[in-house]
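Here the structure is a predicted model, which means the values were calculated and not measured. Just so you know, residue 1 is the first one in the sequence shown, and it goes up from there.
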Amino acid sequence: MAWAIRGHKKLELCLDDEQSLARWKVEVFPNGGHLYLHRGWKHFAYALDLQDGFSLVLRYDGRSQINVKVFDLTTCRKQYPHDFEAGGS
């Protein structure tokens, strides 16, 4: 995914759940073959109550959105309410 993003980009992180409309604006940039989430990341992590040991699967749509699947410590996909409020969009 890092090769597809050149320079700083403002993208949306979205829960990869067809029923959720939650979105967070996050600045993303590549560096040395790695992808870093910058401004907006803390708000996203706090809103989803991300904890050490959780796994995230990110899928870039090639334009302006990164879909995110969250897995908890048991490696089960974390479920969020469908009326979840992002607050960062």
Side-chain angles (χ1 to χ4, degrees):
M1 181 170 25
W3 59 267
I5 299 175
R6 302 187 199 295
H8 288 249
K9 285 198 175 193
K10 292 182 180 174
L11 302 175
E12 288 186 334
L13 287 178
C14 308
L15 282 177
D16 195 354
D17 176 346
E18 293 175 2
Q19 297 180 10
S20 178
L21 299 177
R23 294 177 177 358
W24 293 264
K25 293 182 185 201
V26 175
E27 188 173 328
V28 179
F29 66 94
N31 187 0
H34 299 281
L35 186 67
Y36 295 91
L37 304 173
H38 191 48
R39 290 189 179 99
W41 164 252
K42 286 183 183 180
H43 183 72
F44 172 79
Y46 179 79
L48 294 181
D49 191 29
L50 298 182
Q51 300 173 19
D52 286 341
F54 278 23
S55 298
L56 303 178
V57 175
L58 308 173
R59 185 173 42 92
Y60 179 50
D61 73 355
R63 295 181 309 273
S64 63
Q65 185 171 298
I66 297 176
N67 295 304
V68 181
K69 291 181 183 178
V70 179
F71 296 87
D72 64 19
L73 295 173
T74 67
T75 66
C76 291
R77 188 161 173 190
K78 189 155 169 63
Q79 299 296 316
Y80 294 97
H82 295 303
D83 59 351
F84 188 72
E85 292 286 331
S89 56

Listed by chain and number, what are the side-chain hydrogen bond (donor to acceptor under 3.5 Å, both in side chains) partners of Thr74, not counting sequence neighbours?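 Residues passing side-chain hydrogen bond (donor to acceptor under 3.5 Å, both in side chains) with Thr74: Asp72.
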In one Ile/Leu/Val/Met/Phe/Trp/Tyr side-chain cluster, 4.5 Å: Val57, Val68: no
Taking only residues two or more places apart in sequence or in another chain, which ones pass ring-ring contact (aromatic ring centres under 6.0 Å, His included) with Tyr36? Phe29
What's the shortest heavy-atom distance between Leu73 and Asp52, and which atoms?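 Result for this residue pair: CD2-O, 3.3 Å.
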Testing the basics here: between His43 and Trp24, what is the closest heavy-atom pair and its distance to 0.1 Å? CD2-CD1, 3.3 Å
Residues in salt bridge (Lys or Arg N to Asp or Glu O under 4.0 Å) contact with Asp49, at least two apart in sequence or another chain: none
Output the distance between atom NZ (Lys69) and atom CZ (Arg59), rounded to the nearest 0.5 Å. 7.0 Å
To the nearest 0.5 Å, what is the distance between CG (Asp61) and CD1 (Ile66)?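 So the CG of Asp61 and the CD1 of Ile66 are separated by 8.5 Å.
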Using the side-chain contact (heavy atoms from CB on, under 4.5 Å) criterion, which residues pair with Leu50? Sequence neighbours excluded. Trp41, Phe44, Ala45, Leu48, Phe54, Leu56, Val70, Tyr80
Could you go step by step and tell me if Arg39 and Lys25 meet the side-chain contact (heavy atoms from CB on, under 4.5 Å) rule? CA-CA 8 Å; Arg39 290 189 179 99; Lys25 293 182 185 201; over 6 Å; no
